[in-house]
Amino acid sequence: MMPNRYVSGHSTAIRKSRLDNKPSLLPVRRQGSTDRTSTEARRPSTTSMRSSSAEPARVTYAGARLSKDASATKLSTNGRSRSQTGEHRYLQATTTPLRSSQYSRPTTTPLRTPEDRSSRSWETSLERVLAFVTVKDQRQISSVAWQRAEYSRVCAQLGARGGAGAALVRPLTIARFVDIVAELLAAIIGDAKLSTDNYVTKLPHLSKKLLYPSPVSKSWLKTVNTLHAFPQALALIGYLLDLATHCQMPVSDEWLYVCKDELSCLRRDYLSKCWIRFQEPAGAEHEDLNEEYLSSLKALMGDDDEMIHQLEQDIKEYERRLEDEEELAARADEARRAERREALAAAVRSERGARRAAAAAIAAQRAARHDHSEAVRLLDAEMDRASAEIEQLRAELEQQPLSVEERTRLLDEVDYATRVHDSKRALADQISKMLLSKETELAQWQKRTLDSCVEYKQGLIHISAQLPALASLAIEEKELMGAECAAYMATAVEALREEGARLSGRKAELLRTRSALCRKRAVLLEETRSKIADVKSNMQREQQSMQAELAKESSEAAAWSKEQLEISTRLEQLRANQEEYAKVDAELRFWEKQDSAWRAKLAELRAYIDAQRLNAQQRTDAVRARRLASVRDVLALWHAKLSR
């Protein structure tokens, strides 16, 4: 069953007491502080001081005063905050007082919670964690089929449990619903103290603690005795019933262990037997347990010498068979068959692909034939219709009362008008073609002009980096079609030609200066080469002497490195011996401590046994003396009676 530690320390009725016209239990708000108490009571983290991660205080203008309290914008018309609308009023100002300066108070980060974290109970921490747990209900509560199945299941389980909820009548009464839920909560968290007076305020909080996935609102709790609230009540009772059944299930020893395989069970039994043997008096041996564990482990793991030998012989036999010529020939034959099978499979796949392509081509030809036959049918229908119209026109023409001369004249006029119309249409087509060609040519010229303008601007950008004065010669693309563009371009070309002539003269002057510098550099180069030859000869002599010194130093370094290697080898050997000696010494000290502890414990046990023996002897002597005294008294009494 679920332990009582999940019972809350306070209920939601205390946090929302202002709704029932009761005095608020929230702490008094300090004047002009940003560490105000949040008015939102939907989760436990907001019942304390304002969190440092919350929305910062907003500056609001109210008349001629500047307020930095976030609650200043939420004040009611009567000058009181929402948390102070009860019967009792706290003596505090209704508005935030002005500050003389924004630096008049210490600019420290406000505390996240007002209470000390070390004094916070685990129940409060659990409530804060459960406030953020969100579980989505996967049950179809509104489904009629689900309601019927859940109703039968809940009725059967409640009948098996007995008690107050043995009968689940639809619709439920408030008393029946409270009795069923109280009994299930008592099986889960103990005495929930649920009644018809407080179930509306307690059940939402308790359901949230038990991680109930669906919302438990006060609206359907108040109307739980109606038909439309029965599905929610049935879902809550089913959830609590499953939770109570799970909590009351018996706990077996197998639940306490994670690994439940045969090897883990064998090891667990061995350790249990060793612990039982260890608690026996001194002198108990563990060799039989070790032998039993070893034999069981061999039987479990299949560690049998004869079986291992037999398996080795089988492996050798199989290896010999694999190296046989018949086996090699069979493998080669199998490889050839596999290769042939792969080739045949590839041929089959290619043939199937060809067949699919041929089938697709046949389907396409059939579709084309169908389309052609449809087109032929349409043409035949059109021809029949045209023939009918021609025949009708011929009949109408034969019925006209025109003479041959009038008919000829009319035909000549129609022919002349047709030729005039055709000539005008041909002339219009020719003119449109000429106009289209001119427009195309003009568009090409415009494109060339734009390309030239772009190249001109790009070149001008590169030149203006060295000659900033030429940047003023730039031209925009939208000005290319103007009449003044040609004159401006002529001026720009003249300016560029002048700049090019000036640069050509400067280039010639620079070439002359360069030739003079080349001659001077050749003279200096000859002088430098002679000096370099002298320096090379000196360097060769110095290098020879340096090589001799390096050879001497290398021989000395080799000897030193050899000696250093020997010393390091010896040092590693000594370190290894030191670690081994330290390990042995640590084991010796450990076993000496164990021996002293066991000897001290043995001495205490011996002293305790001697004390118990002495106590038992004393009590035995006392009992024996009392019995002898009683026997003497009885004998004296009998002697006195006999003497009478």
Side-chain angles (χ1 to χ4, degrees), residues 1-4 6-8 11-13 42-43 126-127 129-252 254-255:
M1 297 178 63
M2 185 174 292
N4 294 330
Y6 292 101
V7 180
S8 62
S11 64
T12 56
R42 288 180 294 178
R43 59 184 187 184
L126 180 62
E127 288 182 359
V129 172
L130 291 179
F132 297 95
V133 176
T134 303
V135 182
K136 186 176 181 181
D137 197 357
Q138 303 294 334
R139 300 176 298 179
Q140 299 177 359
I141 299 177
S142 59
S143 176
V144 179
W146 180 86
Q147 294 176 14
R148 291 175 180 173
E150 188 72 8
Y151 179 76
S152 350
R153 185 181 69 86
V154 170
C155 286
Q157 292 191 8
L158 287 177
R161 291 175 63 90
L168 189 62
V169 184
R170 183 175 181 268
L172 285 172
T173 61
I174 295 178
R176 175 68 65 184
F177 174 75
V178 172
D179 292 340
I180 295 174
V181 174
E183 182 183 354
L184 295 176
L185 288 176
I188 298 173
I189 60 175
D191 188 9
K193 296 180 180 179
L194 200 67
S195 63
T196 55
D197 299 329
N198 61 0
Y199 80 101
V200 177
T201 57
K202 274 194 173 184
L203 273 183
H205 188 61
L206 293 175
S207 63
K208 192 173 184 180
K209 275 194 170 185
L210 297 176
L211 298 181
Y212 183 63
S214 296
V216 179
S217 60
K218 293 183 179 180
S219 60
W220 72 262
L221 284 176
K222 292 178 180 178
T223 60
V224 74
N225 55 350
T226 59
L227 288 175
H228 74 273
F230 183 76
Q232 287 82 358
L234 180 62
L236 178 61
I237 293 173
Y239 181 81
L240 295 178
L241 184 61
D242 294 339
L243 192 59
T245 304
H246 180 73
C247 292
Q248 292 177 350
M249 288 176 61
V251 180
S252 62
E254 295 297 328
W255 289 11

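For the atom pair Leu210 CG and His205 NE2, the distance stands at 10.0 Å (nearest 0.5 Å). The line from CG of Leu184 to CG of Leu158 is 6.5 Å long, rounded to the nearest 0.5 Å. One finds the OG1 atom of Thr245 at 10.5 Å from the CG atom of Leu240 (value rounded to the nearest 0.5 Å). The structure places CG of Leu221 at 8.0 Å from CG of Leu236, a figure rounded to the nearest 0.5 Å. Summarising the geometry, atom OG belonging to Ser207 is positioned 13.5 Å from atom NZ belonging to Lys202; distances are rounded to the nearest 0.5 Å. The CH2 atom of Trp220 sits 7.0 Å away from the CG atom of Leu203 when rounded to the nearest 0.5 Å.
Looking at Lys193, its side chain never comes within 3.5 Å of a backbone N or O of Asn198 through a donor-acceptor pair. No side-chain donor-acceptor contact under 3.5 Å links Tyr151 to the backbone of Leu234. Between the Tyr199 side chain and the Val181 main chain, no donor and acceptor come within less than 3.5 Å of each other. With hydrogens and angles disregarded, a donor-acceptor distance shorter than 3.5 Å links the side chain of Tyr239 to the backbone of Leu211.
By the 4.5 Å heavy-atom criterion applied to side chains, Lys218 and Thr201 are counted as neighbours.
Judged as a salt bridge (charged side-chain N to carboxylate O under 4.0 Å, His left out), and not counting sequence neighbours, the contacts of Arg139 are Asp137.
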In sequence, state the C-alpha distance, the side-chain angles, and the governing distance for Ile189 and Lys209, and then conclude on side chain to side chain contact (heavy atoms under 4.5 Å, CB included). CA-CA 11 Å; Ile189 60 175; Lys209 275 194 170 185; over 6 Å; no
Would Leu172 and Ile237 count as a side chain to side chain contact (heavy atoms under 4.5 Å, CB included) here? Give the steps. CA-CA 12 Å; Leu172 285 172; Ile237 293 173; 3.9 Å; yes
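Across every non-hydrogen atom of Gly238 and Glu150, the tightest pair is CA-OE2, 3.6 Å. Scanning both residues, Gln147 and Ile141, for their nearest heavy atoms gives NE2-O, 2.9 Å. Shortest non-hydrogen contact noted between Lys222 and Asn225 is O-OD1, 4.3 Å.
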